[in-house]
Amino acid sequence: MAGLKFGYMLQMQLDLYNWSMVDREAMRRGTSIFLPTATYPMFPENLAMEGMSLKQGEICNAVTASVVLRSDGSIAEFSVDNSVIKPTYMLTYESASELLHLNLEEEIELKILSEAATLRLQWRQQQGAVDTATLEARIKVANPEDPEPVINLYVENQADPAMRLVTEMMLLCGEVIATYGSRNNIPLPYRGQPQSNIDVSLFQHLPEGPIRSSAIVRLMRAAEIDFRKPIRHGILGLPGYVQFTSPIRRYMDLLAHYQVKAYLRGESPPFSAGQLEGMASILNMHSRLAKRLFSSSLRYWILEYLRSQPKERKYRALILKFIKDRTAALLLVEVGFQASAWVSVGAQIGDEVEVRVDEAHPRDDFISLKEVI
């Protein structure tokens, strides 16, 4: 049994399940919405950023999941507790990646977490997990009403070491909470996803990364939720999973906190499985609407970004699949955006080509790319 032990700490300083006005409004929103032009938080911003958030150098209330991993990455033992913590410092993904690359002796805790994340990823893959890491665009627009708005775009690589680390710790926390809930008969939103229709071996001929991920994602079935017991999450390679890590921005996570924290206090969980199911149907509708709003807004501003670039600019693009004849679905690497274009004879799935933006009309949701021969 390995001695890898760490805590996943989450702030939830206020108990709100007495249906206060703030809580009712949070449930009505269901989720925070992050758009390129603005953020619409689930909770009032001053409350979310102050009382509910972990703050560097300050004493904060938290829920801590402590885990001991076996040498193969599976969970040997764990505990879930209310706790008081004092965060040392906050890291961005960029700074965490740099520290991991430098491998400094002073950052031994970060190195341990990185090693644990690697173990976890390997273990999940052995359990059938599917790697869906890809490139995604992130955009911020400070002055959207201006005739020539300033559009800041960066591409998020989900395979980046720091992002992998955070992802694995969140998934580990989700497995712990699912197991904890199951052992103590706590009604929770247990998430699962069937995997029976995906044979990963069929995609081994495709390059690892966005190409293979794109092909697999197209075959995924919708996630399922059970409110009484864990169900297997085939895509994640987990026997059970509960989203628990974002109670400030996702109301379903907040409901899981209400349930677990009540049990930790020796009280009965405030909601039955039936009540959770009823609330979840409303929250899922809100979540779908928020996702559509985010996707349409992001696409609009990506098209506006491409429209504003010099006409002669060339973009690297990966061929994801062929739609019809020589028309291919492409991933623009520098933009993290998918579009289609005709590609020359001989090009294959996984190949990289160069394209230019021939036309882009954000208001008409139209873009035309041409391959640079």
Side-chain angles (χ1 to χ4, degrees), residues 22 25-50 52-53 90-95 97 134-158 160 162-163 166 210 214 246-253 283-318 329-341 355-370:
V22 172
E25 178 62 20
M27 183 179 179
R28 187 186 69 81
R29 298 187 179 199
T31 182
S32 296
I33 301 176
F34 302 93
L35 303 180
T37 54
T39 297
Y40 300 92
M42 186 174 76
F43 283 108
E45 186 174 0
N46 59 344
L47 182 61
M49 297 301 294
E50 296 296 328
M52 290 182 169
S53 291
M90 314 299 283
L91 288 176
T92 64
Y93 284 118
E94 292 79 8
S95 58
S97 293
T134 188
L135 305 176
E136 288 192 352
R138 291 289 180 262
I139 280 184
K140 289 295 181 183
V141 185
N143 52 343
E145 303 300 326
D146 288 4
E148 296 295 332
V150 177
I151 304 172
N152 296 305
L153 179 145
Y154 67 95
V155 178
E156 186 177 88
N157 184 353
Q158 296 173 344
D160 176 84
M163 293 206 72
V166 172
S214 175
S246 298
I248 300 173
R249 65 180 182 89
R250 285 194 303 241
Y251 198 86
M252 285 289 282
D253 294 43
L283 293 170
N284 286 334
M285 180 180 66
H286 291 169
S287 178
R288 287 193 294 271
L289 288 172
K291 286 180 180 178
R292 283 202 293 270
L293 178 59
F294 168 77
S295 296
S296 61
S297 181
L298 180 65
R299 180 176 174 83
Y300 174 89
W301 286 106
I302 290 176
L303 293 181
E304 177 63 25
Y305 171 83
L306 293 172
R307 185 197 66 80
S308 67
Q309 297 302 297
K311 281 289 186 180
E312 65 275 11
R313 179 176 174 182
K314 301 175 184 179
Y315 299 88
R316 295 166 51 218
L318 296 174
L330 305 175
L331 174 64
L332 274 62
V333 176
E334 297 100 332
V335 186
F337 177 70
Q338 293 188 24
S340 61
V355 296
R356 283 197 181 103
V357 176
D358 188 42
E359 291 184 78
H361 303 289
R363 294 185 183 277
D364 298 325
D365 192 23
F366 175 79
I367 183 170
S368 173
L369 302 178
K370 285 192 175 180

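Every value quoted in this text rests on a predicted model; they were computed, and no experiment measured them.
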Any residue meeting salt bridge (charged side-chain N to carboxylate O under 4.0 Å, His left out) with E136, in chain and number order, not counting sequence neighbours: R138

Any side-chain heavy-atom pair of L35 and Y40 under 4.5 Å: yes

Sorted by chain and residue number, the salt bridge (charged side-chain N to carboxylate O under 4.0 Å, His left out) partners of R356 (sequence neighbours excluded) come out as none

If I take atom CZ from residue F43 and atom OH from residue Y251, how far apart are they, to the nearest 0.5 angstrom? 7.0 Å

So I367 and F337, side-chain contact (heavy atoms from CB on, under 4.5 Å) or not? Walk me through it. CA-CA 11 Å; I367 183 170; F337 177 70; 4.1 Å; yes

Is the backbone of R28 close enough, under 3.5 Å, to the side chain of H286 for a donor and an acceptor to pair up by distance? yes

Is there a donor-acceptor contact under 3.5 Å from the side chain of S296 to the main chain of R292? yes

Between R313 and E334, does the side-chain contact (heavy atoms from CB on, under 4.5 Å) criterion hold? Intermediate values first, please. CA-CA 11 Å; R313 179 176 174 182; E334 297 100 332; 4.1 Å; yes

Report, as yes or no, whether the 6.0 Å neighbourhood of atom CE on M49 holds more than 12 heavy atoms from other residues, nucleotides or ligands. no

Looking at Y300, is its backbone amide N or carbonyl O close enough to the side chain of D365 to form a donor-acceptor pair, meaning the two atoms are under 3.5 Å apart? no

I'd like to know if the side chain of K311 and the backbone of D358 have a donor-acceptor N/O pair within less than 3.5 Å. yes

Less than 4.5 Å apart, any side-chain heavy atom of L318 and any of V333? yes

Can you tell if the side chain of P44 reaches within under 4.5 Å of the side chain of V22, non-hydrogen atoms only? yes

Heavy-atom side-chain proximity of L153 to V335 below 4.5 angstrom: yes

Take I139 and I302 through the side-chain contact (heavy atoms from CB on, under 4.5 Å) test and state the conclusion after the steps. CA-CA 8 Å; I139 280 184; I302 290 176; 3.5 Å; yes

Could you pull out the closest heavy-atom pair between Y305 and S308, with the gap in Å? O-OG, 2.7 Å

If I compare all heavy atoms of R307 with all of A360, which pair ends up nearest, and what's the gap? CG-O, 3.4 Å

Donor-acceptor contact below 3.5 Å, side chain S295 vs main chain K291: yes

Between S95 and L91 the two heavy atoms that sit nearest each other are OG-CD2, 3.6 Å

Straight-line distance of S368 OG to H361 NE2, nearest 0.5 Å: 8.5 Å

CD-CG distance between E94 and D160, expressed to the nearest 0.5 angstrom: 8.0 Å

Backbone of F294 reached by a side-chain donor or acceptor of S297 within 3.5 Å: no

Atom CD of E45: over 12 foreign heavy atoms under 6.0 Å: no

Rounded at 0.5 Å granularity, tell me how far CZ in R249 sits from CE in M52. 14.5 Å

Could you check whether any side-chain heavy atom of I248 comes within less than 4.5 Å of a side-chain heavy atom of M42, counting everything from C-beta outward? no

Which is it for E156 and M163 under the side-chain contact (heavy atoms from CB on, under 4.5 Å) test, yes or no, and what are the steps along the way? CA-CA 9 Å; E156 186 177 88; M163 293 206 72; 3.3 Å; yes

Between atom CZ of R288 and atom OG1 of T31, what is the distance when rounded to the nearest 0.5 Å? 13.0 Å

Donor-acceptor check, side chain of S53 to backbone of A48, threshold 3.5 angstrom: yes or no? yes

OG1 (T37) and CD (E145) are apart, to the nearest 0.5 Å, by 8.5 Å

Does P41 offer a backbone N or O that forms a donor-acceptor pair with the side chain of R29 under 3.5 Å? yes

